[in-house]
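In what follows, a structure is listed as structure tokens, so that the remarks can point back to it.
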2 protein chains.
Amino acid sequence: MLRISKLTDYATLLLTHMARAPQQVYSARGLAEQAALPLPVAAKLLKLLAREGLLVSQRGAAGGYVLARAPQRISMAQILAAVEGPLAVTECALGRGVCEMEKGCATRPHWQLIGHALQVALEAVSLADMVAPKAAPVRLQRLER
Amino acid sequence: MLRISKLTDYATLLLTHMARAPQQVYSARGLAEQAALPLPVAAKLLKLLAREGLLVSQRGAAGGYVLARAPQRISMAQILAAVEGPLAVTECALGRGVCEMEKGCATRPHWQLIGHALQVALEAVSLADMVAPKAAPVRLQRLER
DNA sequence: GTTAAATAGGACTGTACAGGTTCTATATAG
DNA sequence: CTATATAGAACCTGTACAGTCCTATTTAAC
């Protein structure tokens with residue numbers, strides 16, 4: 001569990017295809033074919049990614065989508081945030097007052113810590129890393145007290 | 001997003017209560033009250049946690065639940081796995097043949113890496129850490145290439 | 001100017017699963 | 001024997017994810 005949504009997975013797929021030749025303009029139709037996704041799904045995602053600033057869109061004939069930045073500067077954290085909204089492992093991580101047990105809850109700061117570790121892990125992996133043949137160099141370390 | 005389920009959150013709540021006085025026997029009813037959870041929910045979770053080996057149960061009158069191990073030896077990863085099943089950020093992380101795009105998918109190993117980072121983060125935080133006043137000492141590090 | 005090709009944005013739908021309840025069976029202390 | 005526990009399964013229900021479709025709007029090309 002702790003699974004990302006399928007849509008996020010698809011979005012990553014689309015973006016990695018584009019990352020192989022950045023600056024090129026891709027149509028929704030073409031990308032859907034390459035990624036083997038239904039056109040409506042790909043189109044919906046591309047629109048979303050454009051709205052969220054990860055892609056730049058060009059309307060009209062011969063239009064399409066281009067990566068808004070170099071693949072190195074697009075992190076998995078950004079992709080996930082674009083598709084699924086802000087990262088929040090627990091409800092209380094979203095803000096005050098969401099959870100009614102807030103006052104007596106000693107576990108909250110620790111959840112936040114786990115959430116933070118996850119955030120860092122996601123930020124450390126870029127789109128460029130995702131197309132690289134070798135695994136991205138991220139490692140977790142446990143500090144002794 | 002990437003949220004844990006409410007049930008996992010509740011389970012953590014119950015377990016942290018128990019961790020404050022390990023070796024003590026807790027009834028489902030008492031724990032439900034302390035944690036301010038509906039009795040059916042608490043009961044269901046406690047049964048599950050017992051089945052998964054995190055708790056030891058004692059049936060009959062004056063029965064109840066005890067932590068199966070010291071709080072230091074119960075990790076958040078174990079709690080999450082008990083309630084939600086094996087950690088899998090993407091579908092393909094569960095095993096071969098689940099995802100039909102498997103052959104041409106270059107992103108898979110990188111997802112696995114992210115999943116692994118998450119796993120380590122969750123393993124590094126114990127139940128004992130969750131009741132401690134200070135945040136647990138976990139840190140992520142990015143290695144240079 | 002018209003047409004074709006593309007994105008923008010929203011509405012709509014089905015369905016799988018989390019979240020929660022209830023019931024019956026079984027064990028055990030007193 | 002009875003009261004008090006847990007064990008386990010079946011069941012219901014709301015909601016959010018996944019996916020489709022329809023109607024603008026923009027722009028290149030002829």
Integer-rounded Å distance: dT21(C) C1' and Lys44(B) NZ: 9 Å
Interatomic distance, Leu48(A) CG vs dG9(C) P [rounded to whole Å]: 11 Å
Sugar-phosphate only, base, or nothing, as touched by Ala28(A) at under 4.0 Å among non-hydrogen atoms: sugar-phosphate
Heavy-atom closest contact (Ala35(A) atom, Leu13(A) atom, distance): O-CD2, 4.0 Å
Exercise: do Arg69(B) and Gln78(B) side chains pair donor with acceptor under 3.5 Å: yes
Distance in angstrom units between Tyr65(A) OH and dA6(C) P, rounded: 12 Å
Nearest heavy-atom neighbours spanning Pro22(B) and Leu67(B): CB-CD1, 4.2 Å
Nearest heavy-atom neighbours spanning Gly115(B) and Leu87(B): O-CD2, 4.0 Å
Contact summary for Gly30(A) and Ser27(A), nearest pair of heavy atoms: N-OG, 3.1 Å
N/O (side chain, Ser5(B)) to phosphate O (OP1/OP2, dG19(C)) under 4.0 Å: yes
Side chains of Asp9(B) and Thr12(B), donor plus acceptor under 3.5 Å: no
Candidate pair Met130(B) and Leu15(B), rule side chain to side chain contact (heavy atoms under 4.5 Å, CB included), full reasoning: CA-CA 10 Å; Met130(B) 293 296 272; Leu15(B) 289 169; over 6 Å; no
Length of the line joining Lys47(B):NZ and dG20(C):C1', which is rounded to integer Å: 12 Å
Distance-minimising heavy-atom pair for Leu49(A) and Ala82(A): CD2-CB, 4.2 Å
Residue whose closest nucleotide on DNA chain C lies nearer the 5' end, Ala62(B) versus Val41(B): Val41(B)
Five-pair end axes of the helix from dG1(C)-dC30(D) to dG30(C)-dC1(D), angle between them (10°): 10°
Interface limits on DNA chain D, where chain A has a heavy atom under 4.0 Å of a nucleotide atom: dA18(D) to dA28(D)
Arg59(B) CZ - dA25(C) C1' separation (whole Å): 8 Å
Euclidean distance, atom CG of residue Leu55(A) to atom P of dA6(C) [Å, nearest integer]: 17 Å
Arg51(A) side chain, from C-beta outward: closest of dG10(C), dA5(C), dA29(C): dG10(C)
Audit row: Ile4(B), Leu2(A), side chain to side chain contact (heavy atoms under 4.5 Å, CB included) steps and yes/no: CA-CA 6 Å; Ile4(B) 60 163; Leu2(A) 257 186; 4.0 Å; yes
Nearest-nucleotide comparison on DNA chain D, the residue closer to the 5′ end among Gln58(B) and Gln58(A): Gln58(B)
Which residue lies more 5' along DNA chain D, comparing Leu7(A) with Gly60(A) via nearest heavy atoms: Leu7(A)
Nearest heavy atoms of Met76(A) and Ile114(B), plus distance in Å: CG-CD1, 3.9 Å
Residue-phosphate contact under 4.0 Å: Ser27(A) side-chain N/O, dA5(C) OP1/OP2: no
Nucleotide dC17(C), atom C1' - distance to CD of Glu91(B) in whole Å: 13 Å
Euclidean distance, atom CG of residue Asp9(B) to atom C1' of dG19(C) [Å, nearest integer]: 13 Å
Side-chain N or O of Tyr10(B) closer than 4.0 Å to phosphate OP1/OP2 of dG20(C): yes
